[in-house]
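Naming convention: chains lettered A, B, ... in sequence-line order (proteins, then strands); numbering from 1 in each chain. Small disclaimer: the values here were computed from a predicted structure and weren't measured.
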Number of protein chains: 2
Amino acid sequence: MEDKPAPVSRRNRPAKAPLSRETIVATALALLEKDGLEGLSLRRVATQLDTGPASLYVYFANLNDLHAEMLDAAFAEVALPQTRKGNWRARLKTLLTSYLMVLYNKRGLAQLAMMQVSGGPNALHIVEKMLELLMEGGVLATRAALAVDALLLHVTAVAAEQCNWRDKGHDLERAKTILNSLSPEEFPLLYASRDQFFSSTPKSRFYWALDVIIDGVLATPLPDD
Amino acid sequence: MEDKPAPVSRRNRPAKAPLSRETIVATALALLEKDGLEGLSLRRVATQLDTGPASLYVYFANLNDLHAEMLDAAFAEVALPQTRKGNWRARLKTLLTSYLMVLYNKRGLAQLAMMQVSGGPNALHIVEKMLELLMEGGVLATRAALAVDALLLHVTAVAAEQCNWRDKGHDLERAKTILNSLSPEEFPLLYASRDQFFSSTPKSRFYWALDVIIDGVLATPLPDD
DNA sequence: ACCTGAACACCGTTCAAGT
DNA sequence: ACCTGAACACCGTTCAAGT
């Protein structure tokens, strides 16, 4: 005997697009960029999509699933060098710089990348291109595979670290304070070289580290087993 | 006019130790080891300490504070080589292996280490010892500082990655499946070298990567600026 | 099949009150 | 000063019910 709910014209929310993995991922990525990983929640994505929190479970088994999809979607923006201009090493470093910036520019993405390997197609294309560049440089398959692992892990970690410094506020000042107030007796070497830890710009340190790994990969004998 | 609550003998919980930063950190680390980072919460630590969730805020400003303290407390277990037996490189690799194992053995600790730099005393002692070993090897201050950064970042990232593989279940099988079901046309190089990504044991890969970085640090010219 | 509100079992943090 | 229960504003996930 209750009143029927007053009919709600669909015109009131006519543009409510049907859900899909793509729209959910895109919405989630926009939210990630705006509020960081802390601000990203299934509930907020759902609200943004004008639905309840349960709706997303039709498309993703859980939050982790969504994270993985977001990560690989973001990897689509990594610029893969298509020409053969410049030597292979320069192109490899350019690719990795692009990879770094993609992780760095979208807040929380690096943290996400550290939390799981993305076996998605975009990640695989990056690996494929890296193998191509390394092999152009005469690096054989076994060594190239190790190099890809080492380089991607390194760049991902650098991105995560840089993001922390940026997002958690100016921890750099705090770090300098700590190093400067160190006991020279207890930490003689660290105290003496404390300024060295802030030498170079982040950019040149990044390029240096890439060269370190590439040089090392070329020079170091492969593991036996 | 209400009844007074029945008096509760202190004998019923006589051993309720007074709270302190140390006991809280120790309890939290025990919980971390048992349940991983997911299972660690302020509320559970509080429950374990037989108190309410608000009590811990007398000692820590927030959860992040507790995390930082936990991390450095755990670093106390990293074995710093004290003798001068063996060459500096071997001792450096031993130290870093110990660092890796500390992060690896306590679930969630590596993830925590990736999320913030620990300026605590135990972390600083590790850096000091690394500088000592590198300088014994003739590496000068600027290069040594860069090397310490690169090595610690690498090992921390490896620990985090390994922990993911261990904790999130057998993602390794899934990875193999993905690589094996790859389209040879779309990913020719990756497909051809797919087995190389699983060559070597984790241990020998780890040692290899350390040598890669050390070799690279020694060979690569310093950044200009 | 797709979508949903309500409910469940949790969070970190704050606050007013107790000792 | 130290400690605390209750409250606040959130979570991810499940479930039964709706279309």
Side-chain angles (χ1 to χ4, degrees), chain A residues 2-10 12-25 27-28 31-32 34-70 108 111-112 115-116 168, chain B residues 2 4-10 12-25 27-28 31-32 34-70 108 111-112 115-116 167-168:
Chain A
E2 289 130 44
D3 291 345
K4 278 189 196 168
V8 177
S9 165
R10 289 204 166 262
N12 283 347
R13 31 157 138 166
K16 184 169 176 178
L19 294 177
S20 71
R21 287 177 78 90
E22 284 75 21
T23 57
I24 295 172
V25 167
T27 306
L31 229 112
L32 184 73
K34 190 156 66 73
D35 299 327
L37 195 56
E38 318 286 87
L40 182 86
S41 71
L42 269 184
R43 294 179 101 97
R44 275 155 88 117
V45 175
T47 303
Q48 193 80 209
L49 288 166
D50 195 17
T51 182
S55 304
L56 308 188
Y57 285 87
V58 180
Y59 300 93
F60 299 94
N62 51 40
L63 185 60
N64 230 313
D65 242 42
L66 175 58
H67 281 165
E69 205 86 0
M70 290 168 65
Q111 211 172 325
L112 226 145
M115 277 158 52
Q116 77 226 18
K168 293 239 184 110
Chain B
E2 288 131 40
K4 280 190 195 166
V8 177
S9 166
R10 287 201 168 266
N12 284 346
R13 31 157 137 164
K16 186 171 180 181
L19 294 178
S20 72
R21 287 176 79 88
E22 284 75 21
T23 56
I24 295 171
V25 167
T27 306
L31 229 113
L32 185 72
K34 189 156 67 74
D35 298 328
L37 195 56
E38 319 284 88
L40 183 85
S41 72
L42 269 184
R43 293 180 103 96
R44 274 155 86 120
V45 175
T47 303
Q48 193 80 207
L49 288 166
D50 195 17
T51 182
S55 305
L56 307 189
Y57 284 86
V58 179
Y59 300 93
F60 299 94
N62 51 42
L63 185 61
N64 230 312
D65 243 42
L66 175 58
H67 281 165
E69 205 85 1
M70 289 167 67
Q111 210 173 325
L112 227 145
M115 278 158 53
Q116 77 225 16
D167 298 336
K168 292 236 184 111

So what's [N] paired with, Watson-Crick or G-U wobble, going by both distances under 3.5 Å?
N: C:dG12; value: D:dC8
N: C:dC3; value: none
N: D:dA17; value: none

| request: Using the C1' atom on both, measure D:dC11 against C:dA7 and round to a whole Å. | output: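 D:dC11 and C:dA7 have their C1' atoms separated by 14 Å.
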To the nearest angstrom, how far is [X] atom [atom1] from [N] atom [atom2]?
X: A:N64; N: D:dG12; atom1: CG; atom2: C1'; value: 12 Å
X: B:D65; N: C:dT13; atom1: CG; atom2: C1'; value: 13 Å
X: B:L40; N: C:dC11; atom1: CG; atom2: P; value: 10 Å
X: A:H67; N: D:dG12; atom1: NE2; atom2: P; value: 8 Å
X: A:F60; N: C:dC2; atom1: CZ; atom2: C1'; value: 15 Å
X: A:L56; N: C:dT4; atom1: CG; atom2: C1'; value: 11 Å
X: A:R21; N: C:dA1; atom1: CZ; atom2: C1'; value: 16 Å
X: A:L63; N: C:dC10; atom1: CG; atom2: P; value: 18 Å

| task | Let me know, please, whether A:G39 or A:A54 comes out on the 5' side of the other along DNA chain D by nearest nucleotide. | result |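 Comparing both residues, the 5'-ward one is A:G39.
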| request: Identify, between B:R43 and B:S20, the residue whose nearest nucleotide on DNA chain D lies closer to the 5' end. | output: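 Checking each residue's closest nucleotide, the 5'-ward one belongs to B:S20.
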| With no hydrogens and no angle check, is any side-chain donor or acceptor of A:T23 less than 3.5 Å from a backbone partner on A:L19? |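 Side chain of A:T23 to backbone of A:L19, a donor-acceptor pair under 3.5 Å: no, none is there.
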| task | Using modelled atom types only, decide if a donor and an acceptor are shared between the side chain of B:Y59 and the backbone of B:I24 within a distance under 3.5 Å. | result |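 Looks like no, no N/O pair under 3.5 Å.
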| field | First encountered from the 5' end of DNA chain C, between A:V58 and A:P53 | value |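 With A:P53 and A:V58 compared, the 5'-side residue is A:V58.
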| Think A:R44 has a side-chain N or O under 4.0 angstrom from the OP1 or OP2 of D:dC10? |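 Checking A:R44 against D:dC10: no side-chain N or O falls below 4.0 Å of OP1 or OP2.
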Compare all side-chain heavy atoms of [X] with those of [Y] and state whether any distance is below 4.5 angstrom.
X: A:E69; Y: A:D65; value: no
X: A:H67; Y: A:L37; value: yes
X: B:L56; Y: B:L49; value: yes
X: B:L40; Y: B:M70; value: yes

As a test of reading the structure: which of [options] is closest to the side chain of [X], going by heavy atoms?
X: B:Y57; options: D:dG12, C:dC2, C:dT13; answer: C:dT13
X: A:Y59; options: D:dT4, C:dA7, C:dC3; answer: C:dC3
X: B:L19; options: D:dT13, D:dC3, C:dG12; answer: D:dC3
X: B:L42; options: C:dG5, C:dG12, C:dC2; answer: C:dG12
X: B:T51; options: D:dT4, C:dG12, C:dT4; answer: D:dT4

| message | Just to be sure I understand the rule, does B:S41 reach a base, reach only the sugar-phosphate, or reach nothing, if contact means heavy atoms closer than 4.0 Å? | response |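 Sugar-phosphate only.
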